[in-house]
Amino acid sequence: MAATEIARQLGEGCRNLPLSGHVGFDSLPDQLVNKSINHGFSFNILCVGETGLGKSTMMDTLFNTKFESEPTSHSQPGVQLRSSTYDLTESNVRLKMTIINSVGFGDQINKEDSYKPIVEFIDSQFEAYLQEELKIKRVLHNYHDSRIHACLYFIAPTGHSLKSLDLVTMKKLDSKVNIIPIIAKSDAISKSELTKFKIKITSELVSNGVQIYQFPTDDETVAEINATMNAHLPFAVVGSTEEAKIGNKMMKVRQYPWGTVQVENESHCDFVKLREMLIRVNMEDLREQTHTHHYELYRRCKLEEMGFKDTDPDSKPFSLQETYEAKRNEFLGELQKKEEEMRQMFVQRVKEKESELKEAEKELHEKFDRLKKLHQDEKKKLEEKKKGLDDELNEFKKRKTAAELLLSQAQQAGGSQTLKREKERKNFF
């Protein structure tokens with residue numbers, strides 16, 4: 001019998017028994033608290049929004065510190081994700097905070113693919129956790145969880161409607177991360193415009209099927225405040241690290257020639273609401289939703305791609321071993337098929353190469369024959385020309401010999417005539 005079936009039957013047969021005295025397992029919550037405090041917590045925030053909307057300033061304001069951040073220009077060639085991790089401590093509670101900033105988002109002329117680096121980054125964090133989870137020797141208790149727990153989506157205070165880039169990006173992200181939309185630099189528009197802008201944003205999100213994070217109302221201790229805060233989304237916030245004395249208290253403010261905006265004054269902006277909902281009330285729920293909803297969806301899709309399912313076609317529990325063997329056989333079959341395809345392709349290419357070589361060899365032979373014939377013709381012509389020259393040379397030699405003979409005879413005849421005249425002259429005297 002499968003282990004899951006046994007567990008189900010055991011669960012159905014469970015009985016309630018009274019205790020006759022104190023046992024001590026009521027200290028389990030305290031044990032969990034102590035263990036969690038000793039281990040520490042991690043929380044990762046992704047800030048998405050156009051350059052210049054005050055993302056870095058908002059993070060500094062939220063956590064009442066100065067995070068390291070470099071100013072960015074509007075000339076980025078593409079969207080980049082910059083991640084920074086910090087160790088924060090408050091009342092002996094340690095928090096490993098990671099802030100990821102989308103640098104260059106919305107700065108390009110072609111914004112069609114601006115969301116892709118963000119989606120790829122979120123998926124890469126899920127994949128890293130899944131790979132750690134699938135290891136034989138896992139160290140999840142010491143593993144730094146880099147999955148994104150909250151996405152603060154900064155909306156420009158236009159007062160009109162959401163940009164198409166914002167709608168497309170939030171639609172691509174809503175199944176992967178907890179989106180909390182906020183109107184940045186909300187002091188740039190009037191209160192009446194802000195109210196209409198919030199209504200317009202909410203309407204557009206609903207009509208386009210964008211699922212933003214809703215503060216949970218299933219816990220009675222926070223149900224009332226969360227339900228109230230859900231009605232205030234998106235939060236209209238103002239961030240500032242500048243302080244000024246208001247009354248007898250130093251407060252974070254933004255000072256203008258016409259007056260002062262108090263960041264922590266709820267009649268001026270929703271900063272306090274955002275801080276309460278994000279950090280004090282719902283931080284653990286954001287972590288839990290990331291693990292139980294978004295990561296589980298990614299994990300399920302990945303495992304289904306690998307061939308794993310909960311039940312077989314007969315609705316029986318799926319065996320991991322059988323699934324592995326089936327997937328292994330399928331992989332080996334595909335491997336053999338690819339090997340056969342590669343072999344056939346190799347044989348085909350060898351035949352094509354042989355054909356090319358034979359054709360080249362034939363052309364070389366034809367060229368050789370042509371050159372050989374041409375050589376023979378040239379040789380024949382040269383031999384004929386040589387024979388003609390030899391004949392001419394022989395004829396020349398004959399003529400030369402005849403000429404020399406005639407010259408010799410003429411010289412001999414001339415010599416005998418001279419002797420005869422010399423003899424006659426002597427006789428005369």
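Counting from 1, the numbers follow the sequence of the chain as shown.
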Do we see a donor-acceptor contact under 3.5 Å between the side chains of [X] and [Y]?
| X | Y | result |
| --- | --- | --- |
| Thr292 | Glu288 | no |
| Tyr115 | Glu120 | no |
| Asn44 | Ser146 | no |

Any side-chain heavy-atom pair from [X] and [Y] closer than 4.5 angstrom?
| X | Y | answer |
| --- | --- | --- |
| Ile122 | Leu173 | yes |
| Tyr86 | Leu95 | no |
| Ile279 | Phe63 | yes |

*What closest approach, in Å, do Tyr295 and Glu133 show between heavy atoms, and which atom pair accounts for it?*
OH-OE1, 2.6 Å
Okay, side chain of [X], backbone of [Y]: is any donor-acceptor separation there less than 3.5 Å?
| X | Y | result |
| --- | --- | --- |
| Asn101 | Val103 | no |
| Ser355 | Glu352 | no |
| Asn38 | Asn34 | yes |
| His268 | Gln262 | yes |
| Glu193 | Ser190 | yes |
| Ser203 | Ile199 | no |
| Lys367 | Lys362 | no |
| Arg254 | Thr260 | no |
| Asn230 | Gln214 | no |

Consider side chain to side chain contact (heavy atoms under 4.5 Å, CB included). Of [options], which one does [X] pass it with?
| X | options | result |
| --- | --- | --- |
| Lys171 | Asp174, Val168, Thr169 | Asp174 |
| Phe126 | Gln131, His294, Lys302 | His294 |
| Phe105 | Cys47, Pro117, Ser114 | Ser114 |
| Pro234 | Ile180, Thr202, Ile182 | Thr202 |

_Could you go through Arg147 and His291, starting from their C-alpha distance and side-chain angles, then the distance that decides it, and tell me whether this counts as side-chain hydrogen bond (donor to acceptor under 3.5 Å, both in side chains)?_
CA-CA 9 Å; Arg147 296 173 296 176; His291 182 75; 2.9 Å; yes
[X] and [Y] ion-paired at < 4.0 Å:
| X | Y | result |
| --- | --- | --- |
| Lys252 | Glu264 | no |
| Asp377 | Lys373 | yes |
| Arg287 | Glu284 | yes |
| Lys358 | Glu354 | no |
| Lys176 | Asp123 | yes |
| Asp390 | Lys387 | no |
| Glu132 | Lys135 | yes |

*Audit row: Tyr213, Phe215, ring pair (Phe, Tyr, Trp, His ring centres under 6.0 Å) steps and yes/no*: CA-CA 6 Å; Tyr213 175 71; Phe215 304 120; 5.5 Å; yes
Could you grab the distance from atom [atom1] of [X] to atom [atom2] of [Y], nearest 0.5 Å is fine?
| X | Y | atom1 | atom2 | answer |
| --- | --- | --- | --- | --- |
| Gln125 | Ile148 | CD | CD1 | 6.0 Å |
| Leu152 | Leu62 | CG | CG | 7.0 Å |
| Glu68 | Ile99 | CD | CD1 | 10.5 Å |
| Leu332 | Lys337 | CG | NZ | 14.5 Å |
| Gln211 | Met170 | CD | CE | 12.0 Å |
| Glu339 | Glu334 | CD | CD | 12.5 Å |

Should we say atom [atom1] of [X] is surrounded by more than 12 heavy atoms from elsewhere, each under 6.0 Å from it?
| X | atom1 | value |
| --- | --- | --- |
| Glu366 | CD | yes |
| Met250 | CE | yes |
| Lys273 | NZ | yes |
| Glu224 | CD | no |
| Asn92 | CG | no |

_If you take the centroid of each ring, where Trp contributes its six-membered ring, are Tyr129 and Tyr143 closer together than 6.0 Å?_
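Under 6.0 Å, so yes.
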*Do you know which of Asp219, Asn282, Asp218, Thr221 makes side chain to side chain donor-acceptor pair (under 3.5 Å) with Asn226?*
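Answer after filtering Asp219, Asn282, Asp218, Thr221: Asn282.
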Under 3.5 Å donor-acceptor pairs involving side-chain atoms of residues 235-247, not counting sequence neighbours:
| residue | atom | partner | partner atom | Å |
| --- | --- | --- | --- | --- |
| Ser240 | OG | Glu242 | N | 3.1 |
| Ser240 | OG | Val253 | O | 2.6 |

*Not counting sequence neighbours, which residues clear side chain to side chain contact (heavy atoms under 4.5 Å, CB included) with Ile225? List them please.*
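By the side chain to side chain contact (heavy atoms under 4.5 Å, CB included) rule, Ile225 matches Val222, Met229, Met277, Arg280.
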*asked:* Does the plane of the ring in Trp258 sit parallel, tilted or perpendicular to the ring in Tyr256? Use 30° and 60° as the thresholds.
replied: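 If you compare the ring of Trp258 with that of Tyr256, the planes turn out parallel.
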_Which residue is it: Lys163, Lys55, Lys111? I am looking for the one with a salt bridge (charged side-chain N to carboxylate O under 4.0 Å, His left out) to Glu50._
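When Lys163, Lys55, Lys111 are each tested with Glu50, the salt bridge (charged side-chain N to carboxylate O under 4.0 Å, His left out) holds only for Lys163.
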*Gln344 and Glu340: side-chain hydrogen bond (donor to acceptor under 3.5 Å, both in side chains), yes or no, with the steps?*
CA-CA 6 Å; Gln344 294 291 341; Glu340 181 63 23; 2.9 Å; yes
